[in-house]
There are 2 protein chains.
Amino acid sequence: MARTPTTFDVFNAVAEPRRREVLSVLASGESPVGDIVSTLGWPQPQVSKHLQVLHQVGLVTVRRQGRQRLYRINGPEIKPIYDWAATFERFWDHQLAAIKKRAEQKANFTIPPAGRSPGDAVNN
Amino acid sequence: MARTPTTFDVFNAVAEPRRREVLSVLASGESPVGDIVSTLGWPQPQVSKHLQVLHQVGLVTVRRQGRQRLYRINGPEIKPIYDWAATFERFWDHQLAAIKKRAEQKANFTIPPAGRSPGDAVNN
DNA sequence: TTGACATATTCCGATATGGGGATATAATTT
DNA sequence: AAATTATATCCCCATATCGGAATATGTCAA
């Protein structure tokens, strides 16, 4: 098999940075494709294609108005990501506390060695 | 070009559902690879490979202990996702409020027409 | 009906992926 | 040193992706 398809879920759809940019533009409100194109300065087909992906996973909504298509963010679909990340909230809160504690101990008892600080992702 | 590499950023690393499963396991605390393998029941190389991706983007930290490698979640790296999603918080809050408002108006003033409700992702 | 405007779709090619399986590296025990 | 345990790496391949460019579809106006 290969990588999880972009339309598999919201996480995959949003992984593409360009798609997050599109969502940023739409954060200002409902907008026709043309406006997004001129705001971002990308070729129109690219914008349309990214919008299709966002639409397939439900992150945006479309509405026709004359020859335009007005896209709008579908907020609730973003919440799962928020909720998932929130699951790990204690990991950055706790870590902050731990770092603070270590900093205090160093300041009180030792002269810090000229090495890496604990918690670094080194170790290879 | 092709798709954004999985090691490009945290969003791409986490897009893979299996990788989120690995993080879930690590949420219970620091763990050697073998434990993750037996918990998830996947082939060991797969687990190692996913761990490498998570490590490259900084989502986990490694520490050697004898012949084992103990992996641990690196919380702060998850926060950017949380922060990004939080940017759109108003979109699901507002939408809730709007739905509520519409429901009240319908109940008070009209007999609802047998059509779609506004905001539907239909229109194709 | 012809033309202009707005958007979507198709075809192309290079690329990184993830799983499978085999094997390499590293640390420990006997 | 040899065997064992723990983990990482390598090779192979089917697949979906993204951008580019061209073109199709749809809608409105004259």
Side-chain angles (χ1 to χ4, degrees), chain A residues 1-23 25-26 30-57 60-72 121-124, chain B residues 1-23 25-26 30-57 60-72 121-124:
Chain A
M1 293 180 191
R3 200 169 169 182
T4 310
T6 46
T7 54
F8 178 75
D9 64 9
V10 185
F11 287 90
N12 283 277
V14 151
E16 169 66 30
R18 308 258 174 190
R19 232 118 55 196
R20 293 202 297 279
E21 290 190 62
V22 171
L23 287 177
V25 174
L26 287 177
E30 194 183 42
S31 164
V33 179
D35 284 13
I36 306 177
V37 168
S38 47
T39 298
L40 293 174
W42 306 345
Q44 174 266 316
Q46 311 287 16
V47 174
S48 278
K49 279 188 271 187
H50 284 306
L51 283 169
Q52 298 327 304
V53 175
L54 292 173
H55 184 242
Q56 278 189 54
V57 299
V60 299
T61 277
V62 213
R63 175 168 79 91
R64 300 191 190 198
Q65 191 181 55
R67 27 186 156 177
Q68 329 199 74
R69 303 223 180 172
L70 304 178
Y71 283 87
R72 175 198 289 263
V122 189
N123 242 28
N124 311 306
Chain B
M1 294 180 186
R3 198 168 170 183
T4 310
T6 46
T7 53
F8 179 76
D9 64 9
V10 186
F11 287 91
N12 281 277
V14 150
E16 169 65 30
R18 309 258 174 189
R19 232 119 53 196
R20 293 201 299 279
E21 289 190 62
V22 172
L23 288 177
V25 174
L26 287 178
E30 194 183 42
S31 165
V33 179
D35 284 13
I36 307 177
V37 168
S38 47
T39 298
L40 292 175
W42 305 344
Q44 174 266 317
Q46 310 287 16
V47 173
S48 278
K49 279 189 269 186
H50 284 305
L51 283 170
Q52 298 326 304
V53 174
L54 292 173
H55 184 242
Q56 278 190 52
V57 299
V60 298
T61 276
V62 212
R63 176 167 79 92
R64 300 188 190 200
Q65 191 181 54
R67 28 184 158 180
Q68 328 200 73
R69 302 224 181 171
L70 304 178
Y71 283 88
R72 174 197 289 265
V122 190
N123 244 25
N124 311 305

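So that the names make sense, note that chain A is the first sequence line, chain B the second, and so on, each numbered from 1. For clarity, every value in this text was computed on a predicted model and none was experimentally measured.
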When the distance from CD of A:Q56 to P of C:dA8 is rounded to whole Å, what number comes out? 13 Å
Could you tell me the separation between the CD atom of A:E16 and the P atom of D:dG19, rounded to a whole number of Å? 5 Å
What is the separation between atom CG on B:D35 and atom P on D:dT5, rounded to the nearest whole Å? 16 Å
Could you work out which one of C:dA27, D:dA8, C:dT9 sits closest to the side chain of A:Q52? C:dT9
Using only side-chain N and O atoms of A:R18, determine if any of them is under 4.0 Å from OP1 or OP2 of D:dC18. no
Phosphate oxygens OP1/OP2 of C:dA6: is one of them under 4.0 Å from a side-chain N or O of A:Q44? no
A side-chain contact here means heavy atoms from C-beta on lying under 4.5 Å apart; do A:R63 and A:E30 qualify? yes
Distance check: side-chain N/O of B:S48 vs OP1/OP2 of D:dT7, anything under 4.0 Å? no
Expressed as a whole number of angstroms, how long is the span from B:Q46:CD to C:dT23:C1'? 15 Å
Between P on D:dT7 and NZ on B:K49, what's the gap in Å once rounded to a whole number? 17 Å
OP1 or OP2 of C:dA6 sitting under 4.0 Å from any side-chain N/O of A:Y71? no
When you check the phosphate oxygens OP1 and OP2 of D:dG19, does a side-chain N or O of A:H50 lie under 4.0 Å from one of them? yes
Let's see if you can work this out: which of D:dC28, C:dA8, D:dT7 has an atom nearest to the side-chain heavy atoms of B:R69? D:dT7
What is the distance from CZ of B:R64 to C1' of C:dT25, rounded to the nearest Å? 10 Å
Please report the interatomic distance NE2(B:H55) to CZ(B:R69), rounded to the nearest 0.5 Å. 9.0 Å
Round to a whole Å and report the spacing from CZ of A:F8 to P of C:dT17. 18 Å
So, for A:L26 and A:Y71, which heavy atoms are closest and what is the spacing to 0.1 Å? CD2-O, 3.5 Å
Name the closest nucleotide to the A:P5 side chain, picking from C:dT28, D:dA16, C:dC5. D:dA16
More 5' along DNA chain C: A:P45 or A:A2, using each one's nearest nucleotide? A:P45
Using atom CZ of A:R63 as one end and atom P of C:dT7 as the other, report the distance to the nearest whole Å. 13 Å
Respond yes when some side-chain nitrogen or oxygen of B:Q68 is under 4.0 Å from OP1 or OP2 of C:dA27, and no when none is. no
Quick one, A:V60 and A:V22 - any side-chain contact, counting heavy atoms below 4.5 Å? no
If each of A:L51 and A:R67 is mapped to the nucleotide of DNA chain C with the nearest heavy atom, which maps nearer the 5' terminus, i.e. the 5' end? A:R67
Taking only N and O in the side chain of B:R3, is any of them less than 4.0 Å away from OP1 or OP2 of C:dT17? no
How close do A:A15 and B:N12 get, counting heavy atoms only, and between which atoms? O-ND2, 3.1 Å
